[in-house]
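In what follows, every chain begins at residue 1, and chains take the letters A, B, ... in the order their sequences are listed. The structure displayed is predicted, hence computed values, not measured ones.
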Amino acid sequence: GNSVTQMEGPVTLSEEAFLTINCTYTATGYPSLFWYVQYPGEGLQLLLKATKADDKGSNKGFEATYRKETTSFHLEKGSVQVSDSAVYFCALGRNTGFQKLVFGTGTRLLVSP
Amino acid sequence: NAGVTQTPKFRVLKTGQSMTLLCAQDMNHEYMYWYRQDPGMGLRLIHYSVGEGTTAKGEVPDGYNVSRLKKQNFLLGLESAAPSQTSVYFCASSNGLAGGPYEQYFGPGTRLTVT
């Protein structure tokens with residue numbers, strides 16, 4: 001079946017450091033890939049997505065590239081801010097309206113000033 | 001435009017009690033979902049609906065029932081709560097329009113504790 005594996009956290013960084021959160025997946029067919037972010041006390045928000053191989057999703061300085069050859073969708077940001085502290089979830093789904101998303105376990109990011 | 005709202009935000013139940021969680025969306029979305037979030041396990045799909053009057057089981061449906069009598073509402077019921085149902089519950093919705101976008105929009109969550 002489909003599955004998503006994320007690096008365990010927490011990831012602790014100083015402000016302006018470079019961020020990478022690893023995500024790999026197992027899926028049949030050609031899934032869409034997503035990164036969701038959950039700020040403290042809130043629900044999940046879509047951060048970025050990619051719907052086919054070699055697509056790069058980007059938003060708010062975050063980027064992730066859909067790599068079919070390595071079945072990966074790693075999240076990166078060049079310079080993190082304290083306000084980026086949150087839990088980040090990698091997920092896969094289909095490129096259709098109805099989605100049974102499969103989530104990774106989440107990675108907590110803590111950014112200190 | 002409130003998006004996806006959930007009530008209540010917090011609830012404490014005793015084992016064996018029942019309750020209903022309400023989810024409402026104002027985006028005219030076709031599809032709605034209920035998830036639970038537990039530490040170290042990400043989000044798991046409980047039940048979902050592909051349209052008004054339809055429901056289906058997700059990954060972890062046991063102990064829960066759902067109804068979708070109106071397009072904008074999706075109710076999650078616990079008939080006899082158990083401590084294993086202590087969790088944070090999230091509702092989400094997504095549209096069914098051809099061409100998308102297809103991402104799911106999440107509510108703020110309900111934190112349920114069963115003692």
Exercise for review: Can you tell which part of A:Q6 gets under 4.5 Å to a heavy atom of chain B, answering side chain, backbone, both or neither?
Suggested key: neither
**Study point:** Interface moiety of A:L46 toward chain B, non-hydrogen atoms closer than 4.5 Å
**Key:** side chain
ILVMFWY network linking [X] to [Y], side-chain heavy atoms under 4.5 angstrom:
| X | Y | result |
| --- | --- | --- |
| B:V66 | B:M19 | yes |
| B:L22 | B:Y48 | no |
| B:L45 | B:V88 | yes |
| A:Y88 | A:L48 | yes |

Check your understanding: Taking the side chain as C-beta and beyond, is there a heavy-atom pair between B:Y35 and A:L101 under 4.5 Å?
Key -> yes
Check your understanding: Passes side chain to side chain contact (heavy atoms under 4.5 Å, CB included), A:Y36 versus B:Q104? Steps please.
Key -> CA-CA 10 Å; A:Y36 280 84; B:Q104 292 186 18; 3.7 Å; yes
Check your understanding: Is B:E79 atom CD crowded by more than 12 heavy atoms from other residues, nucleotides or ligands, each under 6.0 Å away?
Key -> no
Review point. Should the heavy atoms of other residues, nucleotides or ligands under 6.0 Å from CZ of B:R44 be counted, would the total exceed 12?
Key: yes
Point to revise | Pair A:K100-B:Y31, side chain to side chain contact (heavy atoms under 4.5 Å, CB included): steps then yes or no | key: CA-CA 10 Å; A:K100 272 193 193 180; B:Y31 309 123; over 6 Å; no
Study note, to complete from the structure: Okay, B:E59 and chain A: the region with an atom under 4.5 Å from a heavy atom over there is neither
Point to revise | Gap between atom CZ of B:F106 and atom CD of A:Q38 - 0.5 Å precision | key: 9.0 Å
Review point. Looking at A:V87, A:T105, A:V102, A:V4, which makes the most heavy-atom pairs under 4.5 Å with chain B?
Key: A:T105
